[in-house]
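Taking it in order: structure first as structure tokens, then the write-up.
Note that the coordinates shown come from a computational prediction; the quantities given were computed from them, not determined experimentally.
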Amino acid sequence: MANFIERMCLYLVLVLSVFLSIIQAVDRSNFKTCDQSAFCSRQRAMKPGQSSYRALLETLELSDSHLTVQLLNNNNKVLLLLELYRLQGNMTRVKINELKPVKPRYEVPDVLITDPPTELMSVVAQDEHRVVLSLGGEDWRLILSAQPFRLDIMEGPQVLLSLNSRGLLAFEQLRIRKDTKSQTDTKEAGEKEDTEKHDKEKVSEGEEAEEEVDQPGMWEETFKTHADTKPNGPSSISLDFSLPGVEHVYGIPEHADGLRLKNTDGGDPYRLYNLDVFQYELFNPMALYGAVPVLLSHNTHRTMGLFWLNAAETWVDVSSGQGSSEVPQTDVRWISESGIIDVFIMLGPRPNDVFTQYASLTGTQAFPPLSSLAYHQCRWNYNDQEDVSAVDQGFDEHDIPYDFIWLDIEHTDGKRYFTWDNNKFPQPKDMLQGLLDKRRKMVTIVDPHIKVDSSYKIHTEIRSRGYYIKNKDGGDYEGWCWPGNAGYPDFTNPEMRKWWASMFAYGQYEGSMENLYTWNDMNEPSVFNGPEVTMHKDALHGPWEHRDVHNLYGFYVQMATAEGQIQRSGGLERPFVLTRAFFAGSQRYGAVWTGDNAAEWGHLKMSIPMCLSLGLVGISFCGADVGGFFKTPSAELLVRWYQAGAYQPFFRAHAHLDTPRREPWLFGPDNTALIREAVRQRYTLLPYWYLQFYHAQRTGQPVMRPLWVEYPEDIATFSIDDEFLIGRDLLVHPVTDERSSGVTAYLPGNGEVWYDVHTFQRHDGAQNLSIPVTMSSIPVFQRGGSIICRKNRVRRSSSCMENDPYTLYVALDSQGNAEGELYIDDGHTFKHETDKQFIHRRLSFTANSLSSSDLSPDSQFPSASWVEQVNILGAQKPDAVTLTTTDGGESSVEFAFDPDTAVLTLRKPGMNAGVNWTLHLR
Amino acid sequence: MSCALLLLLMSWALAMRTGAAVEIQRPRGVPLSSEQFYEENKPFTCLDGFSTISFDRVNDDYCDCRDGSDEPGTAACPNGSFHCTNAGFRPAFIPSSRINDGICDCCDTTDEYNSGATCQNTCREMGRKERESLQIMAEITKEGFMLKQQLIHEAKRGQEDKQGKLTELQGSKKDLEEKVEALRTVKETAEDPEKEAKERHLKAWGEQKELIRMEKDKTRMAEAFLELDDDADGYVSVAELQSHLELDPDSDGSLTETETQVRCLPSQENNFYHTSKLQGCSPFGEIRRFESKIGDLHDSCRSNEKVWAGGLWMTTGCMNLEKEIGFDFGPSAEFAYLYSQCYELSTSEYIYRLCPFNRVSQKPKFGGSETNLGLWGQWAGPEDSLYSVMKYDHGQGCWQGPNRSTTVKLTCGKETVVTSTSEPSRCEYLMEFTTPAVCQEPASLDEVLQGHTEL
């Protein structure tokens with residue numbers, strides 16, 4: 001019998017494992033479709049047509065900064081208030097709220113960096129049907145039509161964008177619950193009068209308001225076993241935008257989908273609702289870990305942006321097709337569960353204008369410590385101190401550089417963050433000191449779910465201070481996550497965030513040191529036993545429901561953590577915090593990654609559009625788990641992923657607990673060498689990456705860019721998402737196919753030239769180039785006309801390379817010119833900001849002279865770095881080369897010319913990187 | 001020669017060589033063995049012969065040679081290497097990227113000559129420690145190797161014994177097999193009438209069953225009446241019926257033990273209180289007779305089975321022996337002594353158990369069942385030392401993961417002990433195990449020290 005049971009068990013295990021291997025992909029039934037989300041289904045049932053809204057032009061008020069006008073819903077007579085702002089920098093803000101909501105509706109705080117400065121708006125023309133406003137310039141106009149209500153933004157005779165042109169503006173007014181209304185009627189007569197008066201106001205037109213019928217899901221909703229009590233009833237909003245002449249729209253991350261947004265007709269809309277999705281599927285509009293409600297439109301004439309500032313669950317429908325008179329048109333419709341309509345229309349006209357405009361609203365990418373741009377080694381989990389030390393040693397033994405080693409949840413004492421497992425990590429400071437001695441760093445995970453345990457200080461403090469999110473009944477909200485039963489601190493509370501930040505002080509976070517940084521995971525928030533693996537929407541953050549703030553939670557967690565890191569150093573050191581959940585503005589606090597991907601070729605490919613989409617909406621510091629988180633990569637996939645990851649902004653290998661080890665040296669000497677080479681290429685380019693992040697912080701331009709951003713008039717670039725640019729000057733086409741023998745890269749730019757960075761071979765722009773590849777190939781091209789500074793002395797960590805000399809790669813354009821920049825600072829403090837301690841130089845090659853000039857004469861930084869070599873690509877052989885420095889000295893420079901590659905190499909010119917100099921070729 | 005004397009000699013040799021090293025002028029980072037290639041004031045030819053440069057370009061912090069040989073003392077070449085003399089310890093090459101990187105790599109501090117890093121010369125201390133540990137290792141190896149010889153000797157004897165036993169067993173097995181064959185014939189002959197009797201019995205029993213059912217129904221009725229007639233007045237009143245709501249109107253017709261008792265009542269009164277199986281009270285003598293016959297037959301079968309079992313046991317014995325003899329116990333069977341032994345290691349959470357050539361397992365210290373971490377697979381060391389690693393695989397499966405497996409690394413030791421366990425990847429275990437069986441013939445101490453003090 002025992003034998004039989006055993007055999008049955010074995011059989012069951014077998015059957016189960018087959019079953020499990022079949023359902024490896026996401027369990028879709030855990031997550032809602034639009035049909036299963038009551039408000040989405042309600043709103044989407046509404047079809048385009050005549051809008052029931054009318055602008056009451058007699059209520060129009062125009063002040064210096066903005067215009068207000070009331071909108072009346074002809075059906076239910078509810079009044080809305082429309083506010084229009086003309087913002088500095090060619091933007092328009094449209095806000096719509098209820099004129100007199102029964103209680104306030106949520107308006108997203110803390111995402112905008114300032115109250116956006118306005119510009120004067122003037123009425124150009126007005127009659128009973130419309131008002132025409134000037135948006136500046138000669139012929140920029142905003143036309144407000146009264147009946148039906150719509151807005152059109154015009155440039156001359158051309159409509160750039162229309163609001164409510166399809167009549168999908170919908171605003172579910174807050175209302176009093178009917179079953180409680182009668183109680184209120186009898187108990188509080190006074191209030192009843194108020195309500196009646198209020199109702200009368202609504203019907204001021206003398207018409208009878210249509211009785212609104214409750215629809216299912218308005219007052220409560222159940223998904224699987226989870227009930228949403230919806231005490232405030234229906235509150236959703238919707239608005240449509242039409243973009244004539246537009247065929248390409250981008251953005252609204254995070255989705256595992258191509259760069260260019262697809263038509264959602266007949267399928268689900270793109271969903272924005274931060275969720276912990278187990279084993280997500282590719283090419284799918286399902287919501288993932290983060291949400292940035294920003295959409296970009298682009299055609300050969302114009303790039304524009306729409307920023308829908310709403311943190312509730314949001315769905316976006318995209319529909320492209322022919323508009324009137326056979327002009328292509330894209331219609332976009334936004335639907336959110338609560339809050340108000342608050343839209344920023346960024347009018348471009350060029351891609352970089354939209355980036356500047358969006359950056360002026362939500363800020364730019366935080367300038368990261370230089371070392372965080374280097375290579376990160378992560379795994380769930382490095383088991384103990386010995387393991388960390390062995391891996392660290394392994395990198396040195398195999399001569400592969402790395403800067404950060406990461407510890408996942410198992411390093412803690414029972415998933416109590418800010419603690420260490422005493423058996424496995426008895427001496428964290430010794431371990432950190434060991435890393436510090438090698439000029440390396442560590443990251444530990446700190447998640448926002450807090451183990452409910454009366455002996456855990458973090459928990460007892462949060463509880464006693466009342467900082468936990470509350471459930472609908474007012475008790476502390478509790479859910480299941482890694483530690484078992486856990487509370488979730490209310491990060492929307494500034495007091496809570498302040499307290500959280502203080503927990504990163506060296507004295508509070510025991511075992512922490514200055515080379516310890518942080519990773520915020522599970523901050524969607526992830527609640528294992530919650531609806532859709534997240535928090536109940538009727539949980540309470542002070543006066544607001546979780547429904548209102550959901551997509552902001554992760555943003556606040558990272559904000560508070562980054563603030564803690566800044567504070568622990570007395571405001572001196574730059575923080576480094578990685579987050580999985582994010583929102584608009586998250587770029588200000590650190591890096592993001594694309595979550596729990598899988599060791600599959602499709603996921604490797606998908607890492608490109610996912611990070612490109614994030615870059616377009618301000619989040620430049622993006623990466624995907626190198627190797628893939630779930631499952632086990634083949635050696636080939638792993639090598640290809642390292643090669644691709646080495647050219648993406650955040651470069652970290654990571655692996656699931658259940659997968660076999662995959663440190664770079666475990667796949668035989670050939671693969672070790674290939675991975676070593678990929679990582680080394682990353683390190684040589686760190687000065688270039690650092691410069692790109694310096695620019696990103698100053699201007700909001702993405703670091704990793706789709707080609708169309710730099711070649712906005714070249715239609716061939718509009719849908720490309722298997723290659724990308726880093727800054728303007730490097731084009732990367734990673735190999736993402738198994739057993740690939742070649743790739744076809746599109747080299748953009750009519751009249752431009754591109755140089756293969758490995759062979760220096762020159763190629764013309766505006767062509768599809770077939771490139772044969774081997775396992776060692778990483779197709780990368782430098783744009784003719786650019787100068788890139790590298791550090792070719794790759795050492796075991798980026799800090800070790802601090803004082804090393806530069807090698808300049810001057811890639812001449814077809815006219816024989818080139819330009820570039822060099823940025824140097826200490827790599828880790830805010831002194832570049834506070835004390836102007838940095839070097840920023842322009843390098844320019846023209847008329848056979850290469851010179852370095854100061855772009856920031858009022859800043860200073862002592863650098864030991866010098867120029868050891870200059871390579872001029874596409875050069876001719878000179879007779880002589882001389883170096884002139886500012887002190888008037890002139891010296892001859894030795895050179896070598898390779899006629900096969902047309903590369904001129906100047907040997908050891910030797911000038912300091914921070915001074916003025918000129919090299920003359922004669 | 002005593003160890004002390006050896007050490008003395010060695011340190012003298014060291015001192016002499018250190019002195020000599022100071023006098024040799026050679027470019028920074030060049031090992032003594034390559035000194036001749038770097039002749040001062042003469043053009044330098046890269047070691048790969050690819051190009052020749054003037055000597056002032058050696059170590060001028062610019063990489064001229066493809067092979068990095070012109071910059072042995074700077075970090076200029078990506079593929080260069082730097083030689084640390086490390087007087088007092090072991091000389092070493094480090095990648096030239098570690099020169100002046102702010103981290104002390106050479107114990108003689110020579111790699112950090114221009115980085116501002118403050119390094120301490122730790123060579124003598126390290127040398128001393130290493131010599132100590134080498135000394136210890138040498139002793140262990142020596143003793144271990146002696147033990148190994150013993151193990152080899154024992155294994156050889158054991159193997160001969162087993163071979164003998166196997167031959168013997170194989171002989172008896174053959175005899176037994178013949179016996180079994182003979183018995184089988186007897187059994188088959190005896191079984192023919194049994195079959196016949198059984199068929200007859202079954203037919204009769206079918207008729208009897210019918211009778212039993214009828215009888216049973218009657219009895220049941222009477223019984224039910226008695227039970228329902230609560231006041232024993234001979235009549236069942238409505239009230240009495242109502243008090244028996246549990247009555248099940250369905251008769252399922254199955255024969256329970258109680259029912260059997262009822263049926264047996266008339267013929268075997270003394271059995272009334274005795275619960276018995278249906279067959280036990282069969283009223284038919286004939287069947288009884290056949291039963292006893294069957295019993296006899298069964299007895300003969302049993303004895304037959306004993307022979308079978310003996311054969312089986314012998315077969316298993318043969319197989320075990322064959323299996324054991326078939327194991328690869330190393331070139332001289334030095335690992336044979338580990339066979340059918342088990343070694344344990346206790347950690348904070350688990351007790352690990354290694355039974356060489358059999359299995360590895362793990363048992364939680366504080367309750368819970370044992371987990372199979374792998375069954376004996378094969379020797380899995382690298383080509384030159386195949387017998388340094390054992391692989392156990394096909395252990396218990398992991399959720400969404402592979403089957404558990406364990407790699408056992410063997411090192412030379414006087415004792416046979418599991419020294420550590422770890423789980424570098426989920427469900428892939430690593431065990432360290434010391435045994436004299438892997439001890440190599442010790443090199444003379446001279447050689448050991450020679451190899452580690454060359455400058």
**Study point:** Part of A/Trp866 lying under 4.5 Å from any heavy atom of chain B
**Key:** side chain
**Study point:** Pair B/Glu125, B/Thr122: side-chain N/O donor-acceptor within cut-off below 3.5 Å
**Key:** no
**Study point:** Segment of B/Asp64 engaging chain A (4.5 angstrom heavy-atom cut-off)
**Key:** side chain
Point to revise | Check against ring pair (Phe, Tyr, Trp, His ring centres under 6.0 Å), A/Phe278 and A/Phe630 | key: CA-CA 10 Å; A/Phe278 180 75; A/Phe630 290 113; 5.1 Å; yes
Review point. Any chance the SGs on B/Cys107 and B/Cys84 are under 2.5 Å from each other?
Key: no
Exercise for review: Sort A/Asn383 into side chain, backbone, both or neither according to what part of it lies under 4.5 angstrom from a heavy atom of chain B.
Suggested key: side chain
Practice item. Identify which of B/Ser348, B/Pro95, B/Ala76 forms the greatest number of heavy-atom pairs closer than 4.5 Å to chain A. Key: B/Ala76
Check your understanding: Should the pair A/Trp420 and A/Phe425 be assigned to parallel (<30°), tilted (30 to 60°) or perpendicular (>60°) ring geometry?
Key -> tilted
Revision key, fill the gap. Note: vs chain B, highest number of non-hydrogen pairs under 4.5 angstrom among A/Glu868, A/Arg439, A/Lys438 is A/Arg439
Exercise for review: Output yes when a side-chain donor or acceptor of A/Asn381 lies under 3.5 Å from a complementary backbone atom of A/Leu407, and no otherwise.
Suggested key: no
Review point. Who passes ring-ring contact (aromatic ring centres under 6.0 Å, His included) against B/Phe82, sequence neighbours left out?
Key: none
Check your understanding: Any idea which heavy atoms bring A/Arg379 and A/Thr659 closest together, and the distance?
Key -> NH2-O, 2.5 Å
Revision key, fill the gap. The residue among A/Arg793, A/Lys908, A/Arg907 that forms salt bridge (charged side-chain N to carboxylate O under 4.0 Å, His left out) with B/Asp61 is A/Arg793
**Study point:** Proximal component of A/Asp396, with respect to chain B [non-hydrogen, under 4.5 Å]
**Key:** both
Check your understanding: Is chain B contacted by the side chain of A/Arg795, its backbone, both, or neither, given a heavy-atom distance below 4.5 Å?
Key -> both
Check your understanding: Of the backbone (N, CA, C, O) and the side chain (C-beta and beyond), which part of B/Asp105 lies under 4.5 Å from a heavy atom of chain A, both, or neither?
Key -> side chain
**Study point:** Members of residues 676-686 of chain A whose heavy atoms come closer than 4.5 Å to chain B
**Key:** A/Arg680
Check your understanding: Should the heavy atoms of other residues, nucleotides or ligands under 6.0 Å from NZ of B/Lys365 be counted, would the total exceed 12?
Key -> yes
Practice item. Sort out for me which of B/Ala117, B/Ala75, B/Gly102, B/Pro78 touches chain A most, counting heavy-atom pairs under 4.5 Å. Key: B/Ala75
Practice item. Indicate whether any N or O donor in one side chain lies under 3.5 Å from an N or O acceptor in the other, for A/Thr905 and A/Asn871. Key: yes
